[in-house]
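The structure appears right after this line, and notes come after that.
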Amino acid sequence: NNKSIDICAIFQGQHDKCYDHKVRNDIPYTNHRKGLWDTLKSFENKYSIIADKIPFQEYIQKLQDSKICISPFGMGELCFRDFESILLGTVLLRPDQSNIISSPNIYVEGETYIGCKLDWSDLEEKVEYVLDNFKELNDKFTSNIRNKFMQEYTLENFCLIYYNIFSNLQTISKE
């Protein structure tokens, strides 16, 4: 309840030159993440914002002291930062996840996170919404996501996910 930082946007913004299947993937990564920091600069006088990359223990404390965690895409859509945010009771705000298929799906817009446009064009609107409704949203999201974890992250569900993957492989005989 004693969250003194409005927005936590702590992550590595610049990635070294990197290739995946002979295609450079560091450029969209860096553009997306630096684009967030550039957008945040336009309203840094309005909100308390912490951004950049800092040592892990300091990061965890700052995240816990924050109302909103903005989690950009990285080398993929999902990020450990999302789970850290959930565990520390910080509202997760990230690019829309409706096109992501995961099992279990922890990304339910308006129930477990707040989604925004990939280009950050609606970020300030989303930030204002969260800050204006922080107590209600934080209680709701924290409760929803923890219930979802308790229901879906069971040993039985874990085994069923892998069973379904392996049993549907064409090369596996079911005899």
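These numbers were taken from a predicted model, which means no experiment stands behind them.
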Measure the spacing between [atom1] of [X] and [atom2] of [Y] and express it to the nearest 0.5 Å.
| X | Y | atom1 | atom2 | value |
| --- | --- | --- | --- | --- |
| S71 | L78 | OG | CG | 9.5 Å |
| N147 | T142 | CG | OG1 | 10.5 Å |
| C116 | L93 | SG | CG | 5.0 Å |
| Y47 | L131 | OH | CG | 6.0 Å |
| T90 | R81 | OG1 | CZ | 12.5 Å |
| L160 | I165 | CG | CD1 | 11.0 Å |

Query - Derivation of the side-chain contact (heavy atoms from CB on, under 4.5 Å) call for D6 and I68 - result: CA-CA 6 Å; D6 292 326; I68 300 170; 5.9 Å; no
SB check [X] [Y] (cutoff 4.0 Å):
| X | Y | answer |
| --- | --- | --- |
| K117 | D122 | no |
| K46 | E128 | yes |
| K148 | E111 | no |

Would you say [X] and [Y] are hydrophobically clustered, going by side-chain heavy atoms of ILVMFWY under 4.5 Å?
| X | Y | answer |
| --- | --- | --- |
| L88 | F134 | no |
| F43 | W37 | yes |
| L123 | L92 | no |
| F166 | F158 | yes |
| L169 | I161 | yes |

Query raised in the report: When you look at OH of Y153, are more than 12 heavy atoms from neighbouring residues, nucleotides or ligands closer to it than 6.0 Å?
Result: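 Atom OH in Y153 is packed in, count exceeds 12.
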How close do [X] and [Y] get, heavy atom to heavy atom, and via which atoms?
| X | Y | value |
| --- | --- | --- |
| T112 | I106 | OG1-O, 2.5 Å |
| K34 | G13 | CG-O, 3.7 Å |
| W120 | G35 | CD1-C, 3.7 Å |
| C69 | S85 | CB-OG, 3.6 Å |
| N138 | G89 | OD1-O, 2.9 Å |
| M150 | T154 | O-CG2, 3.7 Å |

Please check this pair: side chain of [X] against backbone of [Y], looking for a donor-acceptor N/O pair closer than 3.5 Å.
| X | Y | answer |
| --- | --- | --- |
| K126 | I114 | no |
| T30 | I27 | no |
| R146 | F141 | no |
| E109 | G115 | yes |
| H32 | G74 | no |

Report task. Please collect all salt bridge (charged side-chain N to carboxylate O under 4.0 Å, His left out) contacts where either partner lies in residues 19-33, sequence neighbours excluded, each pair once. Result ->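 Salt bridge (charged side-chain N to carboxylate O under 4.0 Å, His left out) check on residues 19-33 returns R24-D26.
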**Report entry** Check against side-chain hydrogen bond (donor to acceptor under 3.5 Å, both in side chains), E152 and N157
**Finding:** CA-CA 6 Å; E152 297 190 29; N157 286 345; over 6 Å; no
Requested in this report: Could you point out which residue of I5, L40, I70 forms a side chain to side chain contact (heavy atoms under 4.5 Å, CB included) with I49?
Outcome: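 The residue from I5, L40, I70 that satisfies side chain to side chain contact (heavy atoms under 4.5 Å, CB included) with I49 turns out to be L40.
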Residues 52-62, side-chain donor-acceptor partners within the protein, below 3.5 Å, at least two apart:
| residue | atom | partner | partner atom | Å |
| --- | --- | --- | --- | --- |
| Y59 | OH | E84 | OE1 | 2.5 |
| Q61 | NE2 | D65 | OD1 | 3.1 |
| Q61 | NE2 | D65 | OD2 | 3.3 |

Query raised in the report: Under the side-chain contact (heavy atoms from CB on, under 4.5 Å) criterion, do I7 and V127 qualify, and how do the steps go?
Result: CA-CA 8 Å; I7 301 168; V127 166; 3.7 Å; yes
Query raised in the report: Can you find a heavy atom in the side chain of N25 that is under 4.5 Å from one in the side chain of Y29?
Result: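 Counting from C-beta outward, N25 and Y29 never come under 4.5 Å.
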Requested in this report: Could you tell me how the ring of F83 sits relative to the ring of F149: parallel (under 30°), tilted (30 to 60°) or perpendicular (over 60°)?
Outcome: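 Rings of F83 and F149: perpendicular, as their planes differ by over 60°.
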Query raised in the report: Relative to the ring of Y107, is the ring of Y113 parallel (under 30°), tilted (30 to 60°) or perpendicular (over 60°)?
Result: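 Rings of Y113 and Y107: perpendicular, over 60°.
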Requested in this report: Please assess E124 against Y129 for the test side-chain contact (heavy atoms from CB on, under 4.5 Å), listing each intermediate value before the final yes or no.
Outcome: CA-CA 9 Å; E124 188 167 15; Y129 171 72; over 6 Å; no
